[in-house]
Protein chains: 2
Amino acid sequence: MTVDRDQVLRTAAALLTRKATATMDEVARAAGIGRATLHRHFAGREALVRALEELGIRELEGALDKARLDEGDASDALRRMVAEVEPVAGLLAFLVTENQLFEGEQMNAGWARIDARVSVLFKRGQERGEFRIDLTPAWLTEALYGLIGAGAWAVQDGRVAAKDFQYMIAELLLGGVRRSVEK
Amino acid sequence: MTVDRDQVLRTAAALLTRKATATMDEVARAAGIGRATLHRHFAGREALVRALEELGIRELEGALDKARLDEGDASDALRRMVAEVEPVAGLLAFLVTENQLFEGEQMNAGWARIDARVSVLFKRGQERGEFRIDLTPAWLTEALYGLIGAGAWAVQDGRVAAKDFQYMIAELLLGGVRRSVEK
DNA sequence: CCCGAGTGAGACGTTTGTGTCTCACTCGGG
DNA sequence: CCCGAGTGAGACACAAACGTCTCACTCGGG
């Protein structure tokens, strides 16, 4: 009887990932609950998005944990990261564009933590001599988000195959499009 | 006295690039005209966005023309393309996310033309042996859009320097993050 | 069995942006 | 100089979504 708050959140995430402008009513129906009940658990769309942000941050940090970014080759760590992040890619894309809208307000501290961890990976790769040093970790982090978002949308719209998601992103980011001598 | 329709469009593009949810009133004020006048020239927000789409497509196709994608190295052509597209990057990012929302309706044929031209460049690079063949032109095209959008936003928010825009995108896309033997 | 916490449906008022209309004004060309 | 096309300001009605509230209902634990 009692609503499973986490289940509602995940349903909302799945819906908003597909249709970012879905109304509270649509979210409620998708979750199989009444609009009033949705409001009882999340005081308004704002609060819902914030809760989704918390969820996304939590899952992302979990993914980064599992990826063990500080172990072994930076390249392998990057591949592990992309693999672990894949299930959250759609939600990540939604939250990134959502954050893009609310320019003024300060962002959730979780994003800073995540940015820092990803940045550190790129820096580690540079210090190990694995990664080139003419591209800043900050840009590489942004680029990673951009590629993940592009990949998630491309998969969603059927422009690329879901099974290629990890490979496409990780290998493009690692090696670029140019044919390289090492391979 | 008479409103310069193209000037209004460009002002709207600049504003919506920064704040995608700007109202018609904000657009009108930004363009220095009354809301009624804005409606006289564009029958509603929908029409305005469509006109912006036309503008963006026109400018993008112009940029692709100037980049001479079918001449010389595919790598150099790619660099030229990124350079020419830079001024339209913000508008492109806005339109891409805007298109992401209206899932159902069929998209403007201009996008298909642009996609095709970019795709052909990647394919040409592959056929010349310059580009790797394990990443599809379709994905590379999507990835390019993603990187341009990420770059435009990062510059807008001051996370990376505007002067690095072209280099960051083109070189990351070409060579990836991994240190390569050739360089 | 029963009672109450939690829920669904829906009504209601509010807010926000939209689109239309009117009216006075102001240029600028004839 | 004068007239009218084009404009700005504002009023107005409308639609969509929001947030709140009420009320009947239904589980499930005590």
Side-chain angles (χ1 to χ4, degrees), chain A residues 1-56 91 94-95 97-105 108, chain B residues 1-56 90-91 93-95 97-105 108:
Chain A
M1 187 183 189
T2 300
V3 162
D4 179 349
R5 177 188 160 106
D6 212 67
Q7 179 52 34
V8 172
L9 264 186
R10 287 174 199 284
T11 306
L15 173 60
L16 290 172
T17 288
R18 276 180 282 115
K19 185 182 175 187
T21 57
T23 66
M24 292 294 276
D25 193 77
E26 289 174 298
V27 171
R29 288 181 188 286
I33 64 176
R35 199 162 62 93
T37 305
L38 182 60
H39 270 90
R40 283 187 196 105
H41 287 269
F42 306 97
R45 186 193 183 76
E46 173 83 8
L48 176 63
V49 172
R50 293 304 167 113
L52 278 175
E53 195 172 31
E54 296 293 341
L55 174 66
L91 179 55
F94 165 71
L95 292 174
T97 56
E98 194 77 6
N99 263 349
Q100 190 60 22
L101 299 183
F102 298 124
E103 34 178 321
E105 321 172 32
N108 190 307
Chain B
M1 186 182 191
T2 301
V3 162
D4 179 348
R5 176 189 160 105
D6 213 67
Q7 178 54 34
V8 172
L9 263 187
R10 286 173 200 284
T11 307
L15 173 60
L16 290 172
T17 287
R18 276 179 282 115
K19 185 182 175 186
T21 57
T23 66
M24 293 295 275
D25 193 76
E26 289 174 297
V27 171
R29 289 183 186 284
I33 64 177
R35 199 163 63 93
T37 304
L38 181 60
H39 270 91
R40 282 187 197 106
H41 288 269
F42 306 97
R45 186 192 183 76
E46 173 83 9
L48 176 62
V49 172
R50 292 305 167 112
L52 279 174
E53 195 172 31
E54 295 294 340
L55 175 65
L91 180 55
F94 165 71
L95 292 174
T97 56
E98 194 76 7
N99 264 349
Q100 190 60 22
L101 299 184
F102 298 125
E103 34 178 322
E105 320 173 34
N108 190 306

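Order of the sequence lines sets the chain letters (A, B, ...), proteins ahead of strands, with each chain counted from 1. Just so you know, these numbers come straight off a predicted model, no measurement behind them.
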Side chain of [X] only, heavy atoms from C-beta on: which candidate in [options] is closest?
X: M24(A); options: dT22(C), dG19(D), dT18(C); answer: dG19(D)
X: T2(A); options: dT7(C), dC18(D), dG10(D); answer: dT7(C)
X: R35(A); options: dG19(D), dG8(D), dG6(D); answer: dG19(D)
X: H39(B); options: dT18(C), dA9(C), dC18(D); answer: dT18(C)

Return whichever of A43(B) or A36(A) has its heavy-atom-nearest nucleotide of DNA chain C closer to the 5' end.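 The answer here is A36(A).
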Quick one: is T37(B) getting a side-chain N or O under 4.0 Å of the dG8(D) phosphate, OP1 or OP2?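 Checking dG8(D) against T37(B), a side-chain N or O does come within under 4.0 Å of OP1 or OP2.
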Would you tell me if any nitrogen or oxygen in the side chain of H41(B) comes within less than 4.0 Å of OP1 or OP2 on dT7(D)?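 Affirmative; the distance criterion is met.
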Over all heavy atoms of both residues, which pair between M24(B) and F42(B) is shortest? Give the atoms and the distance, please.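 In this case the closest contact between M24(B) and F42(B) is CE-O, 4.5 Å.
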Rounding to a whole Å, what distance do you find between [X]:[atom1] and [N]:[atom2]?
X: F42(A); N: dA17(D); atom1: CZ; atom2: C1'; value: 19 Å
X: R5(B); N: dT7(D); atom1: CZ; atom2: P; value: 12 Å
X: L38(A); N: dG10(C); atom1: CG; atom2: P; value: 17 Å
X: L48(B); N: dG19(C); atom1: CG; atom2: P; value: 10 Å

Name the pairing partner of dT26(D), where a pair is Watson-Crick or G-U wobble with both distances under 3.5 Å, or state none.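 Partner of dT26(D): dA5(C).
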Pair partner, dA11(C) [Watson-Crick or wobble, under 3.5 Å]: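 Partner of dA11(C): dT20(D).
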side-chain contact (heavy atoms from CB on, under 4.5 Å) for L9(B) and H41(B)? Distances and angles first, verdict last. CA-CA 10 Å; L9(B) 263 187; H41(B) 288 269; over 6 Å; no
Salt bridge flag under 4.0 Å for residues R50(B) and E46(B):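 A salt bridge links R50(B) with E46(B).
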By the 4.0 Å heavy-atom rule, please label R45(A) as base, sugar-phosphate, or nothing.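 Sugar-phosphate, backbone atoms only, no base.
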E53(A) vs E98(A), side-chain contact (heavy atoms from CB on, under 4.5 Å): CA-CA, chis, key distance, verdict: CA-CA 10 Å; E53(A) 195 172 31; E98(A) 194 77 6; over 6 Å; no
If you apply the rule side-chain contact (heavy atoms from CB on, under 4.5 Å), what do you find for L16(B) with L91(B), and how did you get there? CA-CA 8 Å; L16(B) 290 172; L91(B) 180 55; over 6 Å; no
